[in-house]
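Data first, discussion second: the structure below is written as structure tokens.
The analysis underlying the following values was restricted to heavy atoms, covering all of them including side chains, and did not include hydrogens, waters or symmetry mates. Note that the numbering runs from 1 along the sequence shown for the chain.
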Amino acid sequence: MIDTSIMIVDAESTTAALPFQPLVNELQSAFGRGCVVPVRHHHTIERTGEPDATLLLMPAWSNPNEEDQYLGVKLVTVVPGNDARGLPGLTSTYMLYNAVDGRQLALMDGNAITSRRTVATSALAARFLSREDARSLLVIGAGRVASLIPEAYQAVRPIEKVAIWDINIDNARALAKSLGDRGICAEIVGDLEQAVGRADVISAATLSTSAIIKGAWIKSGTHIDLIGGFTPNMREADDVALALSKAYVDTREALHEAGDLIQPIEAGVVSEDHVQGTLADLAKGLIQGRTKAEEITYFKAVGSGLADLAAAKMVYEKIQAGGR
């Protein structure tokens, strides 16, 4: 629904305005042209009897030479303890402004923007980094973000088989059924080592604090996509997996925020130079992605205000064009 002074966009309408194929293409353009993205505010909220929560504030605004000027801020709460409450662990809201005069334009469901731009960013990276003939996908995790990974990857690669592993088998079963209902062939796997060894692409979306993916299990030609870990104590892949791979990040902030990079760098397993570049470097053609079929590639994302702004702009302009 739309208010006279500000557009209010609920989760359903936000989702409908962000189909993956156009969203991946929009993100490629957005990473190519860039925008102003200040360092995010990252605050720890101490809790008693459960893991600490996190508050993120993520601003971004258009370059001054762009025809359409937007400014946006996303507010995110991450509460791992919500799993025990049966509630989502992440909640967010996105506020979009006119960057020229500061007018409020729209208040959007930040969860939909976060989930869809997150997996679309990974799919964009896979466009540069995974083999063009990649057909098998292993999804590690079965939450909201994980549930969107297969559809996003199908926008860039001919994915035919989807395997799902989750520490909670019931969650994995629910996701497999949901994917099947959407026409995506999916199976549950119990042996993670075997599943990793068979996959062309491995995409993890968890809140794990210990490595789930072992480098010793990975076959040549695999693309590893790490979505979940966003703090220094979170890990989804071990040191061997990183050392074996050509590594890339969504933004340089990943080198200072993600345990999957911070821990092996501090341990001297690799240096920061092991990271080949960013998604912007790939989108601008400044560096190459995959150059050989047998390479193992590794993409670590911590989220970008640029991607949020690109998605929010897409939602706003699509709804405006539709007159709703």
Does the side chain of Arg198 reach to within under 4.5 Å of the side chain of Val189, using non-hydrogen atoms? yes

Close side-chain approach of Val196 to Leu192, heavy-atom, < 4.5 Å: yes

Do you know which two heavy atoms are closest between Lys219 and Asp200, and how far apart they sit? NZ-OD1, 3.1 Å

Steps toward salt bridge (Lys or Arg N to Asp or Glu O under 4.0 Å) verdict (Glu257, Arg40): CA-CA 11 Å; Glu257 295 184 8; Arg40 77 187 74 187; 3.5 Å; yes

Please examine the side chains of Val119 and Tyr153, heavy atoms only from C-beta on, and report whether any two atoms are closer than 4.5 Å. no

Any residue meeting side-chain hydrogen bond (donor to acceptor under 3.5 Å, both in side chains) with Tyr97, in chain and number order, not counting sequence neighbours: none

Lys/Arg-Asp/Glu bridge criterion (N-O < 4.0 Å) met for Arg235, Asp260: yes

So, Glu132 and Arg290, do they make that salt bridge, N to O below 4.0 Å? no

With sequence neighbours excluded, residues passing salt bridge (Lys or Arg N to Asp or Glu O under 4.0 Å) with Lys313: none

Within a strict 4.5 Å, meaning less than it, do heavy atoms of the Ile202 and His223 side chains meet? no

Got Phe20 and Arg116 here, is their nearest side-chain heavy-atom distance under 4.5 Å? yes

Applying side-chain hydrogen bond (donor to acceptor under 3.5 Å, both in side chains) to Asn171 and not counting sequence neighbours gives none

